[in-house]
Amino acid sequence: MQNTAGTGPDAPIDVTPLLDDPYAAYAALREAGPVHRITGADGQPAWLVTRYDDVRRALADPRLSLDKRHATPGGYRGFSLPPALDANLLNMDPPDHTRVRRLVVKAFTPGRVDALREPVRRVADELLDAMAERGRADLIADYAGPLPITVICDLLGIPQDDRRDFLAWSDALITPDPSRPGQMKEAIGSMLEFYTGLIAAKRAQPGDDLLSDLIAVRDDAGADEGGDRLSEDELTSLAFLILLAGYENTVHLIGNAVLTLLDHPEQLRQLQRNPAELPAAVEEFLRHDGPAPLAIRRFPKEDLEIGGVRIPAGESVLLSIASANRDPGRFPEPDTMDPGRDLSGHLAMGHGIHYCLGAPLARMEAVTALDALLARFPELRLDVPRGALRHRRALRARGLISLPVAW
């Protein structure tokens with residue numbers, strides 16, 4: 001990996017290899033040192049942490065804040081989100097994080113997730129029915145994408161007619177088109193208008209869904225000032241986060257898992273013979289090629305050291321989940337896909353108080369989606385040369401643009 005600004009610990013490193021061949025690039029960085037100064041794709045400088053032990057400790061370090069107000073003045077500010085979409089768990093520290101998370105965590109308890117298993121399987125089977133007669137499909141557009149968006153929209157009570165628009169808006173945020181500089185701003189404005197209208201409709205006519213439950217918490221006039229309450233911005237931001245994160249991470253998890261199996265036909269056949277092994281396999285898919293290469297950006301509230309490198313207060317810190325999960329010091333032969341390995345402690349879903357809230361739902365969706373797919377199409381194969389596949393060109397998301405398959 002080439003250093004583009006001379007030598008020394010503060011010299012920024014070009015991140016292009018992380019976009020083109022991330023696992024090889026991360027391996028080179030881990031070997032070179034635990035922490036590196038980079039200039040991100042957005043042009044902003046950051047510190048990139050690459051080794052497992054350092055990443056795990058940093059994920060749980062209360063000195064590293066998710067709140068952008070701790071960033072250096074004039075430094076990173078992220079998406080230009082309006083307050084009504086920005087007051088979410090990805091920007092919060094305790095005590096606000098503790099209060100808001102407590103209100104929504106009930107939606108993702110094991111019992112509630114297990115109750116969704118049968119509806120998820122029904123949606124998966126319906127999508128496979130629609131694909132079956134064609135003999136080929138784009139597994140992202142026809143299966144891995146529609147499944148989680150249907151599940152999350154059903155969970156929140158979002159009308160069927162609004163779901164196609166959401167897919168377009170989310171794609172504009174996740175992978176903006178460089179030729180359309182105003183696309184992201186338009187998508188943010190459309191999302192805010194959508195959520196504001198949806199909350200008003202649910203407030204007027206509540207349903208049996210998570211968003212109606214959250215509105216009831218927000219509007220509970222009986223709660224005292226010190227109780228668990230949501231502001232209106234927190235309510236809107238929660239709906240935004242649950243829908244966007246619930247879609248993006250799960251579609252990438254399913255797509256990456258299927259490609260990994262197509263690259264490892266013996267593992268594919270093993271899971272077809274023994275579908276009970278799918279939960280362990282999903283954990284290895286998460287470790288081996290997970291959907292979120294980086295944890296949410298953090299800002300030191302004071303000067304601190306990570307891996308022996310001093311990082312000033314307020315500067316951006318990027319914790320590489322992808323690199324940590326391929327650290328040979330924690331996972332022997334890390335580039336090998338091995339569902340039988342010791343997977344305790346992998347970091348694909350995070351660690352500490354910011355551990356992924358929707359992890360139980362994402363795991364269940366992935367297991368159910370793979371079980372249905374492998375049972376329906378035992379002769380599943382790639383329908384294009386392997387080299388023709390392209391991943392989304394983004395540091396924060398690891399997912400395929402399309403996955404043409406046949407059977």
Side-chain angles (χ1 to χ4, degrees), residues 52 56 105 107-125 127-128 139-140 143-145 147-148 150-152 155 245-293 321-322 324-326 330-351 355-378 380 398-400 403:
Y52 178 88
R56 183 179 169 89
V105 71
F108 301 103
T109 60
R112 289 196 71 165
V113 169
D114 194 60
L116 291 170
R117 193 179 305 274
E118 185 175 331
V120 170
R121 181 57 184 252
R122 184 168 58 250
V123 172
D125 286 337
L127 292 168
L128 294 172
L139 204 72
I140 303 300
Y143 189 61
L147 179 62
T150 300
V151 172
I152 291 293
L155 185 67
Y247 162 68
E248 179 188 9
N249 288 330
T250 308
V251 63
H252 295 336
L253 171 56
I254 295 170
N256 293 354
V258 173
L259 178 58
T260 299
L261 286 176
L262 293 174
D263 284 340
H264 297 81
E266 182 50 44
Q267 295 283 359
L268 188 153
R269 288 189 290 272
Q270 172 67 15
L271 291 175
Q272 287 173 328
R273 292 190 297 266
N274 299 284
E277 297 177 6
L278 272 168
V282 165
E283 296 307 307
E284 177 66 342
F285 298 142
L286 282 163
R287 182 206 68 82
H288 183 261
D289 196 17
I321 303 297
N325 280 340
R326 296 261 189 134
R330 176 61 183 83
F331 299 103
E333 299 185 35
D335 297 329
T336 301
M337 215 283 289
D338 177 13
R341 72 167 72 243
D342 174 13
L343 287 161
S344 60
H346 80 70
L347 303 176
M349 295 294 190
H351 174 64
Y355 186 85
C356 177
L357 190 66
L361 179 59
R363 286 183 165 107
M364 183 274 286
E365 287 184 75
V367 169
T368 304
L370 293 169
D371 187 20
L373 178 69
L374 299 184
R376 180 68 66 91
F377 304 132
L380 191 72
R398 172 74 174 170
L400 291 156
L403 181 56

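Note that this is a predicted model, so its numbers are computed, not measured. Index from 1, following the sequence.
Inter-residue side-chain proximity for L116 and L155 is flagged as met; some heavy-atom pair is nearer than 4.5 Å. Using a 4.5 Å cut-off on side-chain heavy atoms (C-beta onward), L373 and L139 make contact. Using a 4.5 Å heavy-atom cutoff, the side chains of R363 and M349 are in contact. Contact check for V258 versus L380: side-chain heavy atoms found under the 4.5 Å cut-off. Side-chain atoms of V251 and E365, non-hydrogen and from C-beta on, never get closer than 4.5 Å to each other.
The two residues A369 and I254 make their nearest non-hydrogen contact at CB-CD1, 3.8 Å. The heavy-atom pair separating A280 from L343 by the smallest distance is O-CD1, 3.7 Å. Across G399 and H252, no two heavy atoms sit closer than the pair CA-ND1, 3.5 Å. When all heavy atoms of I321 and A292 are compared, the closest pair comes out as CB-O, 3.6 Å. Shown here for L286 and N325, the closest heavy-atom pair between the two residues is O-ND2, 4.2 Å. Smallest separation of non-hydrogen atoms from D371 and P275: OD1-CB, 3.7 Å.
Side chain to side chain, R269 and Q272 fail the donor-acceptor criterion of an N or O pair below 3.5 Å.
Considering H346, H288, R326, E284 in turn, H346 is the only one that fulfils the side-chain contact (heavy atoms from CB on, under 4.5 Å) rule with F331.
Within the model, atoms CG of L128 and OH of Y143 stand 4.5 Å from one another, a figure rounded to the nearest 0.5 Å. The structure places CG of L361 at 11.5 Å from CG of D114, a figure rounded to the nearest 0.5 Å. Separation of atoms CG (L259) and NE2 (H264) is listed at 9.5 Å; rounding is to 0.5 Å. Expressed to the nearest 0.5 Å, how far OG1 of T260 lies from CG of L268 amounts to 11.0 Å. Here the CG-CD distance, from L261 to Q270, works out to 11.5 Å after rounding to the nearest 0.5 Å. The CZ atom of R117 lies 6.0 Å from the CE atom of M364; values are rounded to the nearest 0.5 Å.
The main-chain N or O of R398 is found under 3.5 Å from a side-chain atom of N256 such that the two form a donor-acceptor pair. Remark: the backbone N or O of E333 is paired with a side-chain donor or acceptor of R341 at under 3.5 angstrom.
Take R112 and apply the salt bridge (charged side-chain N to carboxylate O under 4.0 Å, His left out) test, not counting sequence neighbours, and it matches no residue. For D338, there are no salt bridge (charged side-chain N to carboxylate O under 4.0 Å, His left out) partners at least two apart in sequence or on another chain.
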